[in-house]
Amino acid sequence: MLVPAPDRRPPAPVTVIGEPMPAAAPPSAPGRQARQARAAVAALFLTNGAVFFNVVPRYPQIKADLGVSNAVFGGAVAGFPIGALLAGLLAGVFVRRFGSARVAVFGTVVTTLAILAIPFAPNWIVFGGVLFVVGALDAVVDVAQNAHGLRVQRLYQRSILNSLHGVWSIGAVLGGLMGSAAAGLRLPLAVHLGISAALISVVAVVAHRFLLPGGEDAERAAAPPAGDGHPPADDGHPPADDGHPPADDGHPATAHGRPAAAADGDPVAAAGRRSFARPAVWMLAALGLLAACGALVEDAGASWGALYLTGLHADAATAGLAVVAFQTAMTIGRLSGDRVVDRFGQRTVTRLGGLLAAAGMGAALAVPSVPSALAGFVLAGLGTATLVPAAMHTADELPGLPPGTGLTVVSWLLRGGFLLSPLLVGFVADLVSLRVGLLSVVIAGLVTFVLARVLVNDAGR
């Protein structure tokens with residue numbers, strides 16, 4: 001393909017579909033509406049993290065009250081990801097029908113009300129049914145808040161996804177601390193969850209006022225093409241003024257307008273050359289497995305951390321700190337994640353993180369004690385902090401797929417990881433021991449190291 005010599009005249013307005021548009025320029029500072037919307041959607045991520053993690057530190061009490069084994073309790077806990085898995089495919093319908101803002105806020109309030117039924121569950125079947133409903137609601141809220149976060153991100157014209165997930169982790173830490181304190185004070189579960197429901201609902205309703213108005217594609221239609229930060233070459237004439245169609249190298253463009261083959265050796269670019277063919281399917285499967293590894297590690301800290309520390313003779317308040325330690329480390333990793341991946345790349349960070357999680361939890365299980373267990377959960381949380389956002393980002397960048405398809409599929413497979421994890425760990429715990437069951441974290445870390453090669457290494461693309 002012949003490439004014309006670069007024109008050194010000042011760039012002229014670019015014409016797109018007959019409409020004059022200014023040449024691309026570096027992103028300007030976000031306006032007041034964007035900043036308010038970011039704070040509001042961050043508040044939704046915060047409440048989403050806090051609402052369920054209020055319950056997690058009370059698992060030992062709930063398990064004791066129900067009088068069930070580890071395997072049965074794991075089966076009941078699996079109700080949450082089963083509900084999420086089934087409802088996750090319907091989340092897009094709700095978002096398109098009612099808007100991401102309404103779905104996220106209303107769904108949060110309804111979720112807090114559903115959780116209030118947990119203290120009154122008479123057996124593990126009802127308890128699992130309540131978690132099924134809560135999981136279904138959570139899946140819809142999760143898609144809605146992420147969809148709205150992506151709307152805000154388009155206004156910012158730079159990544160804010162890791163920081164939003166970091167705020168979610170802050171909410172999980174706050175919820176875990178609240179649940180641990182309630183357990184230590186022996187506060188009745190119904191009173192504890194009633195207080196948390198009121199606080200979380202108020203925050204969500206107030207946040208609704210500052211979320212973005214309009215349709216879900218409003219910012220996508222208004223945003224200028226995002227590229228490499230440089231103005232496009234232009235000779236002052238409309239496109240295709242020589243009678244020939246625009247130059248094309250045969251590769252589709254990504255969601256950000258860059259050629260899919262711009263990065264030599266990039267597996268994402270390679271997958272796009274055949275549209276939704278086998279390479280794209282393979283990439284989605286690999287990204288889904290990566291996200292499932294992240295789900296397995298997160299579930300280990302959430303569902304089994306307190307039980308594992310209880311087995312090491314920790315008191316109720318200390319046992320509840322397992323999920324707090326895990327989520328605190330994950331919060332730090334996510335809040336600093338945008339800068340780290342910008343410097344070293346998502347692929348590198350994810351690989352090293354997988355090794356850190358495997359080594360940290362492996363050492364903790366090899367030398368069992370309360371301090372080593374807490375340290376192991378800290379390293380696991382820190383190592384997998386950017387894993388799920390990285391998988392989602394790469395899935396969303398896969399060319400040749402309908403908009404949102406990659407993100408939806410990977411999110412759905414992520415829920416599958418949350419479904420299988422409690423069943424797997426609970427079965428191994430009853431068969432051998434919970435200590436052996438938590439080796440799943442080590443395996444997930446090693447699998448992450450191997451599969452991280454499919455990630456986009458440049459997070460800014």
Side-chain angles (χ1 to χ4, degrees), residues 46-70 73-74 76-77 80 111-112 114-121 124 127 130-131 134 168-203 298-332 361 364 368-382 422 425-426 429 434-435 438:
L46 183 82
T47 58
N48 185 251
V51 64
F52 183 68
F53 277 86
N54 264 284
V55 183
V56 172
R58 308 302 296 268
Y59 272 5
Q61 175 191 334
I62 295 172
K63 178 176 176 293
D65 291 343
L66 294 175
V68 295
S69 66
N70 286 321
F73 184 74
V77 171
F80 184 97
T111 301
T112 63
I115 284 179
L116 290 177
I118 289 178
F120 306 102
W124 70 271
F127 173 61
V130 174
L131 291 185
V134 173
W168 182 92
S169 296
I170 292 176
V173 171
L174 293 176
L177 286 173
M178 187 174 180
S180 294
L185 295 172
R186 300 185 182 277
L187 195 67
L189 188 58
V191 175
H192 159 213
L193 296 181
I195 294 173
S196 68
L199 292 175
I200 290 169
S201 296
V202 168
V203 172
E298 289 191 43
D299 179 71
S303 299
W304 303 103
L307 290 171
Y308 181 64
L309 264 67
T310 299
L312 296 175
H313 308 294
D315 58 41
T318 303
L321 292 179
V323 66
V324 175
F326 178 88
Q327 289 297 336
T328 299
M330 181 164 280
T331 301
I332 294 172
M361 184 56 71
S369 69
V370 172
S372 67
L374 290 174
F377 283 115
V378 165
L379 294 178
L382 188 62
V425 176
L434 183 54
R435 180 183 173 190
L438 289 176

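These numbers come from a predicted model, not from an experiment.
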Minimal heavy-atom distance between A183 and P57, with the atoms involved, is CB-O, 4.5 Å
What heavy-atom pair brings G74 and P422 nearest, and what distance separates the two atoms? O-CB, 3.8 Å
Does some side-chain heavy atom of Y59 sit less than 4.5 Å from a side-chain heavy atom of W304? no
For D65, which residues count as a side chain to side chain donor-acceptor pair (under 3.5 Å) partner, sequence neighbours excluded? none
For residues 307-314, tabulate all N or O donor-acceptor pairs below 3.5 Å that involve a side-chain atom, not counting sequence neighbours.
residue: T310; atom: OG1; partner: A306; partner atom: O; Å: 2.7

Would you call N70 and V425 a side-chain contact if the rule is heavy atoms closer than 4.5 Å? no
Considering non-hydrogen atoms only, spot the tightest contact between L131 and A76 and give its length. CD1-O, 3.7 Å
Could you go through L174 and I170, starting from their C-alpha distance and side-chain angles, then the distance that decides it, and tell me whether this counts as side chain to side chain contact (heavy atoms under 4.5 Å, CB included)? CA-CA 6 Å; L174 293 176; I170 292 176; 4.1 Å; yes
Heavy-atom side-chain contact between V324 and F377 under 4.5 Å: no
In this structure, CG of L382 is separated from OG1 of T328 (nearest 0.5 Å) by 11.5 Å
Criterion side-chain contact (heavy atoms from CB on, under 4.5 Å) against S201, the qualifying member of T47, V51, T112: T112
Could you tell me whether the side chain of L177 reaches within less than 4.5 Å of the side chain of V173, counting heavy atoms only? yes
Taking every heavy atom of A114 against every heavy atom of V130, the minimum-distance pair comes out as O-CG1, 3.7 Å
Close side-chain approach of M178 to I195, heavy-atom, < 4.5 Å: yes
I need the minimum non-hydrogen distance between A317 and G184, along with the two atoms involved. CB-CA, 4.2 Å
If the condition is ring pair (Phe, Tyr, Trp, His ring centres under 6.0 Å), which residues does F53 pass it with, not counting sequence neighbours? W168
For R58 and G179, which heavy atoms make the closest approach, and how far apart are they? CD-O, 3.6 Å
Would you say that M361 contacts L379 through its side chain, given a criterion of any heavy-atom pair below 4.5 Å between the two side chains? no
Test side chain to side chain contact (heavy atoms under 4.5 Å, CB included) on T111 and N48; report intermediate values, then the result. CA-CA 9 Å; T111 301; N48 185 251; over 6 Å; no
Begin from the C-alpha positions of I62 and L189 and carry the test side chain to side chain contact (heavy atoms under 4.5 Å, CB included) through to its verdict. CA-CA 9 Å; I62 295 172; L189 188 58; 4.0 Å; yes
Do any N or O atoms from the side chain of T318 and from the backbone of D315 form a donor-acceptor pair under 3.5 angstrom? no
